[in-house]
Amino acid sequence: MKFLVTGGAGFIGANYMHYVVNKYPEDQFVNLDLLTYAGNLESLKDLEGKPNYSFVRGDIADRPFIMDLFEKEKFDVVINFAAESHVDRSVKDPGLFVRSNVLGTTTLMDAAKAVGVKRYHQVSTDEVYGDLPLDRPDLFFTETTPLHTSSPYSSSKAGADLFVMAYHRTFGLPVTISRCSNNYGPYQFPEKLIPLMISRALADEALPVYGTGENVRDWLHVHDHCVAIDLIVRNGRVGEVYNIGGHNERTNLEVVKTILRALDKPESLIHFVTDRPGHDMRYAIDPEKIETELGWVPEYNFDTGIAQTIQWYLDNREWWERIVSGEYQNYFEKMYGERLA
Ligand code: NAD
Ligand code: DAU
C-alpha cells in the first residue's frame, strides 16, 4: 500500500514516520511537508535512503500541486498530520491557521475524492471539545461531547473535523478522525510546554508559567499516539471518531516541578507570567472506545514517559540546540538544494 503522510517533518509526524517505515517495509510512505518553522528534516535523518520512504516539499493548501501529486502517485491512504499546531501563535495570526488547517484539509480531501483512496485519516485534537471545569474531576471528553472551541487554533481544527464528516456523509469519502490529548516525547519543538521547560531549565533560564499554573493537561507519550493512529487507519471503522488519551492528568505546575526535580534545578527558576488569552482550564480524555474496539493500551504512564523524554533531550542536545539557534533551517538547502537545482 502507498501512504501519503502530511506534516511528517513535525513532532508527531516524524515519530509516526519512524514507527511505520521500520514496522512495514512492504508499504511505501511519502512524507509531504511544507517545512514551516515547525518542520525539521533533521528529525528524519535515520530514514533517509530507506527504500520505502521519500520526502516531497509542498503545501497541502496548494490545489494545483496537490491535484498533480495525487494523480501521479495514486495513494491508497492519506494521513493528515500537517497543521499549524501552536495555540499561542494562533492568537497572533488566526488566518494562517484557517489556511493550513481548514483549506489544507479540504484541498487534500478534494484530491482524495477525485482520484479515490481507501482511507483518509484526519489527525485532530481534544481541544475541539473546549475545556472542562477544575472542580468536576468526574467529567471526561467522549466522542459525543459537543464541539465547543476556545482558540483560533482549536476552532480551525474543529472546522476541519466538520468538513471531514461532511465529505464522508455527502461524498462517501472513507474517513476516520482521531482526537488526542497533549503529546510529549522526542523531537518536539521547544516552543511547547515540556521541551521548552527542559531546554530552558538546562540553561538555568526563567521558566514562564502562564497564570497560576493550575491548568490541567492529559499527557500522552507520542509513541502511544502513533500506535493508536496506526490501529485506527488499519482497523478502525469508516466514518468514526476515536479519542486517544491515557488518563495522565497533571497541572502545569506539577509538570514543571517534575522536570526541575529530574534535572536537579531549583524551583526559583519558575516565573509566573501573564496568562494566555482564552486559556483552557482542563482537558481529560475518555479512551474507552479505542481500548475496547481496537485493543489499544498505552505503553507509557506519565512517570515512565517523562523520564524517557528528559533523557532523550539530554542525549540529543544538538538536535534542540540547533533549533534554538535557528541553524536547523539551513538543513533543507544543504541536503536538497543541489539535487533540486
Ligand atoms: P508540529 O507543529 O510539530 O508539526 C506540524 C508539521 O506540519 C510541520 O512539519 C509543518 O512544516 C507542517 N505543515 C504546516 N503547515 C503545512 C502546510 N500548509 N502544508 C504542508 N505541511 C505543513 O505539530 P505536531 O505537534 O506534530 O502536531 C501534528 C498534528 O497533530 C496536528 O494536526 C495537531 O493539530 C495534532 N495534534 C497535536 C497534539 C500535540 O500535543 N502536539 C495533540 C493532538 C493532536
Ligand atoms: O491537547 C492537545 C493540544 O496540545 C494540541 O492540539 C496542540 O497542538 C498542542 O500544542 C497542545 O496544546 P496546549 O496549548 O495544551 O500545549 P502547550 O504546550 O502550548 O501548553 C501546555 C500548557 O502549558 C497550557 O496550559 C499552556 C501552558 N504553558 C505553555 C507554554 C508554552 C505555560 O504555562 N508556559 C509556556 O511557556
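In listed order, ligands and their atoms are each counted from 1. The chain is numbered in sequence order, starting from 1.
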Original post:
Under 3.5 Å, N or O to N or O, is I12 touching ligand 1 that way?
Top reply: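 N/O-N/O distance under 3.5 Å: yes.
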
Subject >> From the candidates M281, R276, E84, R282, the one that places a heavy atom nearest atom 19 (O) of ligand 2 >> reply: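 Closest candidate by heavy-atom distance is R276.
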
Subject >> Close-contact set for ligand 2 against H279 heavy atoms, below 4.0 Å >> reply: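 Listed by number with element, the hits are 24 (C), 25 (O), 26 (C).
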
**OP:** Please write down residue, atom name and distance for the protein heavy atom closest to atom 3 (O) of ligand 1.
**Re:**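 I find the closest protein heavy atom is F11 N, 3.0 Å.
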
Original post:
Is it the side chain (CB and beyond), the backbone, both or neither of K157 that lies under 4.0 Å from ligand 1, heavy atoms counted?
Top reply: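 Only the side chain of K157 comes within reach of ligand 1.
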
**OP:** Would you kindly specify which portion of Y283 sits under 4.0 Å from ligand 1, judged on non-hydrogen atoms: side chain, backbone, both or neither?
**Re:**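 No part of Y283 is near ligand 1 at this cut-off.
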
Is any N or O atom of [X], backbone or side chain, closer than 3.5 Å to an N or O atom of ligand 2?
| X | answer |
| --- | --- |
| D126 | yes |
| W219 | no |
| D280 | no |

**OP:** Among Y53, F3, F11, F81, find the one that has a ring pair (Phe, Tyr, Trp, His ring centres under 6.0 Å) with Y16.
**Re:**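 Single pass found, and it is F81.
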
**OP:** Look at ligand 1 and say whether T6 reaches it with a heavy atom at a distance under 4.0 Å.
**Re:**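 It does not, in that no heavy atom of T6 comes within the 4.0 Å cut-off of ligand 1.
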
**OP:** Determine, using heavy atoms of S124 and all atoms of ligand 1, whether some pair is separated by less than 4.0 Å.
**Re:**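 The answer is yes, since S124 has a heavy atom less than 4.0 Å from ligand 1.
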
**OP:** Report yes or no: does a heavy atom of K157 sit under 4.0 Å from some atom of ligand 2?
**Re:**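 No, that is not the case, since the closest heavy atom of the residue is not under 4.0 Å from the ligand.
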
